[in-house]
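Presented below is the structure to which this report refers.
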Amino acid sequence: MLSYNQALKGKKIFQDLQMEEIKPIMKLIIRGKKREFISAVGKSLNILLPTESNTSTQSDKLTALWLSPDEWMLFSNETVREDSNHYEIKELLSNKISIKNLGAITDVTDQFVMIELKGNKIYELFQTGSPFNFNDFQNKKGAVTQTILNKIDIIVHNLDKNVANLFVRRSFSQHLFSWMNDAASRL
Amino acid sequence: MINKYSIFSLIKNAFSNHENWGKAWKDAEPKKEYDVIIIGGGGHGLATAYYLAKKHNIKNIAVVEKGWIGGGNTGRNTTIIRSNYLWDASAGLYDHALKLWEGLSQELNYNVMFSQRGVMNLAHNLQDVRDLKRRTHANRLNGIDAVYLNTEEVKKFCPIINTSPKIRYPVLGGTLQKRAGTARHDAVAWGYARGADEMGVDIIQNCEVKGVKRNGDSVEGIETTKGFIKTNKIGVVAAGHSSVIANMAGLKLPLESKPLQALVSEPVKPIIDTVVMSNAVHAYVSQSDKGELVIGAGTDDYISYSQKGSHDIVEGTLNAILELYPIFSRMRMLRQWGGIVDICPDASPIISKTSIKGLYFNCGWGTGGFKATPGSGDLFAHTIANNEPHKLNAAFNINRFVSGDLVDEHGAAAVAH
Amino acid sequence: MFIINCPFCGEREQSEFKAGGEAHIIRPKQPTELSDDQWAEYLFMRKNIKGIQFERWNHAHGCRKWFNLVRDTSNDEIKAVYKMGEKPPIK
Amino acid sequence: MTKNLRVKTGKAIDETYRISFKFNGSTYYGFKGDTLASALLANDIHLVGRSFKYHRPRGIMTAGSEEPNAIVQLHDNSSRTEPNVRATEVEIYEGLEASSQNCWPSVNFDVGGINNFLSPLLPAGFYYKTFMWPASFWEKYEYFIRKSAGLGKSPTKPDPDIYEHKYIHCDVLVIGAGISGIMAAKIAAKNNLKTLLVDEKPNLGGSTIYQNSDHFKINNQNSGSWVEKEINEIKKLENLEIKTRTTVVAYHGYNFLLARQNLTDHLPIEQRKNKTRHRLLKIRAKKVITATGSIERPMIFDNNDRPGILLSSAIKKYADYFGIACGEKNILFTNNDSAYETAISLIEKGINIEAIIDNREEINSKLIYEVEKNNIKIFKGYTIIDTSGYKRINKISIMQLSKDGQKVVGSKINLSCDCLGISGGWTPAVHLFTQSGGKLRFREEDQVFIPNTYPSDQLSIGACNGNLTLDEILRTTPESLIKFLNVKSSDYDNLEVLSEANKFKRNIWLLPSNKVLGKTKSFVDYQNDATSKDIKLALREGFRSIEHVKRYTTTGMGTDQGKLGNMHALGIISETTGTKMGELGTTTFRPPYTPLTFGTIVGRNVGEYFDVIRKTPLHDWHIDNNAEFENVGQWKRAWYYPRNTEDMHQAVQRESKAARASAGILDASTLGKIDIQGTDASEFLNRVYTNAWSKLAIGKCKYGLMLNEDGMVYDDGVTTRLGENHYIMTTTTGGAANVMSKLEDYLQTEWPELDVYLTSVTDHYATISVCGSNSKKIISKIITDVDFSDESFPHMSFKNVKIGKISCRIMRISFTGELSYEINVQANYGKSVWEKCMEAGKEFNITPYGTETMHLLRAEKGFIIVGQDTDATMTPIDLQMDWIVSKKKYDFIGKRSLYRSDTIREDRKQLVGLLTDNPDEVLEEGAQIVGDIKKSPIEMLGHVTSSYFSPNLRKSIALGVVKGGKNMMGQKLTIPMEKKNINVTVSDPVFLDKENKKLNA
């Protein structure tokens, strides 16, 4: 048995802001340009991939984030098992998409760390280090953006009022998390 | 000399309330024809004219300048002078310039304030160490005074550098060229202008070149805002605007013009007595005689002639400055500005004939042309006068981009220098 | 710093982008057929225009797509943005 | 004992709150609301500093950020010290310590003052003309010049304060909360626009807030009360955010502005701990409204710089706002009506006015009548020709002006005073407007530059737009705001305004004197001691452009950036050269508007946040096991693992021996990994690598070399074919991001027809490499259900395996020349796998090794490291890697460049091995290689790129590049070091196991 070693330990609690890594969350990057690709994904997973930029869609089990006209991130709404890295959804998509040459499916479960932020100072925190205009974004449920925070690439998913997910590459995550904590301590 | 400058002439003129000083140079209007026209009245262009007159006995020369002399990169750079370049060709070129700097104030009877306070380059990772050692060995064998310093020696030479091993990119060592230093940028342009003027060179300001007239493969003259001027030889020394002139003559050059920014702090009493450069942490700093910290930032990645760069570049530079000099955190930026630098793919200049007869280019100095000013002028004058390069600038021909014999100084000068 | 209207993501700050130089320099289909001069023309020689320039940008910290834009390099004013493969909307 | 010059409660002052502070070592008192300048003036202190060049005594001249003279050092010798702080901007706090600068031993007796007497020898640009003999002496002269230059002292200790950044996006930014700015903010916010209003002062209302004269009324209230009511209203607006103590310092293109919000500088030091000192606001505004007001002009006459000479408007502000009399015998000197406003304020507060000198001859306005009613003597048509008083003005001399204003006539009259207020009219503060790229127009009638064309969506309103009187502002501003903001109406459409000042101004840039100019010192730039005669000297010497004059005389180059004097410099140039002001142009106003602290610009990106630190999933293990780290790009990589007292050399020798003799383990997680999928994946690899890929079998790995389009080696790594249309590419650690973006570039722009998708998966995997003769035994203990025989699992192949329930990939690839296995496992299981390897390898003395040992081991095998053994000038042919360059492929990136006339030359530098004659002598990496040491000039053939003592070969080995090295096998060369020459022999770069037997050990 291999033990599981997550990137960010512990939940950080500040006034009006909490943040912690949610793990394990299955994450896939799915790519495709053809119309059949989108319909095949839709049929296989019962989720409509968002085609409008900077948006997301959700099914019971999955969330799909628009990343570019031919790229989406798909992640599980619930945590998956720590003692296995066999993801049925990936298997299913490989069979329906990759093998049929409709597009590409890549497992990025550990490529990205998902940090969940809660509270009403989420965007105030982002404003200390991201040039992105969150004015309208923070009021749009399901809005998605890729941008930079403290010079690090991030994906932000505005889940609901006062709840957002932030995705960052694992190797950057500890640095970013420490930086976010420092910023949050003075908000 | 009409207006010989010295302490005695200052005293003498003090008695007449300094009301009898003559002009440093005349504001000329263009004649119909010149033997050579230099396009660009920056340090390099004025030096070219000066050496053409002085060493090649060509007297009928004009320097045409779009704005005011020395107003381009000459007046906007951070004035670092050094010759510790990696490749033989570069070392030859820049050390030739450095030797001319050493006697320039006397040569021009104009104090250009060349101050040999040394230039230190820092290493922050193992490859930096290898690269700097490689360069130091090459410099030594090329007769250039350069030594490698370990961290303690770096600290000793410039005590305010943060050499703690705990910083993000600790200082692992450095090189020092003691003959290197800084000079007063405006004085270089004004000194050469005064010297050239005295030998009869026409310095024509506020005269913008609008076209280069060709007859087949040869040049015939230039169209300017002050009318057509005839000539058989044109030396273009237009820095950021080189491509603009080249396009007028129907040439393309391997250049991109990009914004380069610099800044100074408010003046303070002496705190840093040398020039320190760091490639990896990307900061370089010196202190002017007036007391301002002079800090060079990097180039932006896009082409622009707007003389403005992005704030991110300035922020990144000061970020690096505070990493190496935390004591400067409460110092304040007084002024920031931008220039336009023309950059060659191999980060080395072009001093060359072209496929058009009588058209010569001196360009591509990128971020570090100031240091070469006297040498560049001298060699370009030689190239124009003889229609052949001097052996010291032979490697810097345009054809190297065709044959593949680049003089790649990126390794040694990947950042602004 | 500019605001660039990424044709895929909308208006974003310049810090999310990387510049890629002059646009519409097409890589020769048969490089081996070219003379050294012709190859150098493709590799190194640039118009480096002062004025209206067609250029490539990459939304490096966003959707990672390359696209073209038209910018006046004398004052940095962006005139238009268009996708790769599209014709410039202005001349 | 100093006098108390408090006259009446000032608007800003809380007299119940007394604050003590120190100036030049003595303790003084002020009140909450005072600036350092007002508190000093209240204590009758005018002499604050010494000037830059002549060390002349200087006092407080203004009440704002334009102050040129009263600059001080705060908290000398402490970690919070700060040089060159304007006393007019410092709000006093308990414990404030300030001292004068640029003087020794003290501001009262300054040895540098001798420069004032030497001044005939120190005209503008004197240093260009002297200090040249003897030639070698410049540095000695320079030493003294530098010592006497500078102003304050740099801090010498690290800064204890914290700085932050904040990005703000708004619909409307209003800069300046004077009367115009307040109206603009109200109109914008009431019309549903997200609005930000900033002002550099601690309070809103600009100069109107302390205006209580009956000569200026709005809707029948005095303008001060009216504006106060407006302030109370806007504070309630929901869409409006107001930030005080916030200075917009830079206005860049696309309405990007930087503002410094000062949060703690007004607090006692002990209250600043753990608080953010400044916040740099990075503002992106859809629309910008500039309402920055105007700055009063001084007047240029002989000795116009003495302590006790202030701008007339500053005297008014000190009286009305701070409740202070700047002197007991005040004289005002003016060319316009503003000084009469000051006079009325002083009269109202019972402050004595000796006289008013007005250079206008025939003037009438209600303001003047009122002053005259109070029996104050007004000298009409007069000018000041000189002043006296060394450390404080005590006398002025005046004479009558000729009709044309060019000369003085009549006889001299002396008047005694202790304070002189001067008013030369007003200059619109167009600094931010011009920074943004705006173009100005010169208005001849009152000699001011005003905004003409806007480069972005912005508007200048109020005084900075040239509306210099109350009625002009109120008449024009609401209308232009309605249009600019595209709204229907404002609350200000029908205001009743009373504004009784006369607009007429008699502008004379350089006032005439009874002396020749050369004998006068009429300062244009106070701080830098540039005088009108300096400007004339520059013009005489042929410096004609404004930029030349500025640089030659240093006018406008001080810390105040010429906010007071630049206009006069222009005026004098214009008059002297006969050029119209409008044609002369202004000098460029460069950002920042007021100096900006480095720490503020940098924000939190200092110390541990200076740069990103990237960590592998095994990072904690390395720390726990005493690793030293190497920075590779932003990554921290384990460099070596010293045991006990080992130094690096000893550790590396031990690690290297162990890795070959038995087993070593390396964290290779930093190598870049790109997942490549699509039906054209093989074709894509054919185009990007120099070798051919179509025939690579599924399950196999292959080494690839990538070039730049100019033919030079760019990156390398092993790529594995996972499926028919699926590869995973490895890149170097440092090259990962660049390779990815370069490949995307080609794919999107040159080859959009290819069906290929690239996804970075670098961080998804932990990559663990186990090498050495016992590696197979160790790996097979962990992974039990796999056939590890060479037949089933040969070199350069991979298998999908499971460790427990966790799927992972194992590759047989080697960078050491030893039998090696590389496990790619999902990052979050990496540490566990590593620990299992350590446990399984315990019996084989498995030894963790770092990057240094890795470099040594690969050098023994002659494997290159891109970036160390190559620079941007090495082709694969130069590396003697001809075998990897496909001759059959029609094209790949960089192929054409390999066949240019200079890239096919035989005498290029080529990679070779180097063996020292003395096997114990290790060469220095970077050392140069020479053929004939006696040749002069010496010819360098190349340099040493990698060099180690090989514990496995028990000798020194090195790689290097040598001109024509390919054909020099066995030849002797020399490495000339500083103190000795080292002899080497050119060898094969492969030093160990040329037959590759160890790969299958």
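Lettering of chains follows the sequences in order, A, B, ..., and the numbering in each one begins at 1.
- Of the two parts of D:Asn631, the backbone and the side chain both hold a non-hydrogen atom closer than 4.5 Å to a non-hydrogen atom of chain B.
- Aromatic ring centres of D:Phe598 and B:Phe328: separated by at least 6.0 Å.
- For D:Lys153, the parts lying under 4.5 angstrom from a heavy atom of chain B are both the backbone and the side chain.
- Aromatic ring pairs are classed by plane angle as parallel below 30°, tilted from 30° to 60° and perpendicular above 60°; the pair B:His311 and D:His252 is tilted.
- Only the side chain of D:Val930 comes within less than 4.5 Å of a heavy atom of chain B; its backbone N, CA, C and O stay farther away.
- Using a 4.5 Å cut-off between heavy atoms, D:Lys282 contacts chain B through its side chain alone, with no backbone atom that close.
- Ranking D:Tyr143, D:Trp639, D:Tyr141 against chain B, the residue ahead of the rest is D:Trp639, based on heavy-atom pairs under 4.5 Å.
- Using a 4.5 Å cut-off between heavy atoms, D:Gln561 touches chain B through its side chain atoms alone.
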Evaluate B:Arg134 against D:Glu924 for salt bridge (charged side-chain N to carboxylate O under 4.0 Å, His left out), listing each step before the verdict. CA-CA 9 Å; B:Arg134 175 185 176 192; D:Glu924 184 166 289; over 6 Å; no

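- Under the 6.0 Å cut-off for aromatic ring centres, B:Trp68 and D:Phe543 do not qualify, their centroids lying 6.0 Å or more apart.
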Using side-chain contact (heavy atoms from CB on, under 4.5 Å), reason through B:Asp405 and D:Arg905 one step at a time and then give a plain yes or no. CA-CA 10 Å; B:Asp405 197 14; D:Arg905 278 194 349 247; 3.9 Å; yes

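- Checked against the 6.0 Å centroid criterion, the rings of D:His548 and B:Trp25 qualify as a close aromatic pair.
- Side-chain contact annotation: D:Glu142 with B:Ser115, donor-acceptor N/O pair under 3.5 Å present.
- Although no hydrogens or angles enter the test, the distance criterion places no donor-acceptor pair under 3.5 Å between the side chain of B:Gln336 and the main chain of D:Arg590.
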Under the side-chain contact (heavy atoms from CB on, under 4.5 Å) criterion, do B:Glu315 and D:Val602 qualify, and how do the steps go? CA-CA 6 Å; B:Glu315 183 180 318; D:Val602 171; 5.6 Å; no

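- The part of D:Phe256 that comes within reach of chain B is its side chain, from C-beta onward, which places non-hydrogen atoms under 4.5 angstrom from that chain.
- B:Asn111 places a side-chain N or O within donor-acceptor distance of the main-chain N or O of D:Tyr127, the cut-off being under 3.5 Å.
- The aromatic ring centres of D:Trp138 and B:Phe114 sit 6.0 Å or more apart.
- Contact of D:Val612 with chain B is made through the backbone alone, with heavy-atom distances under 4.5 Å.
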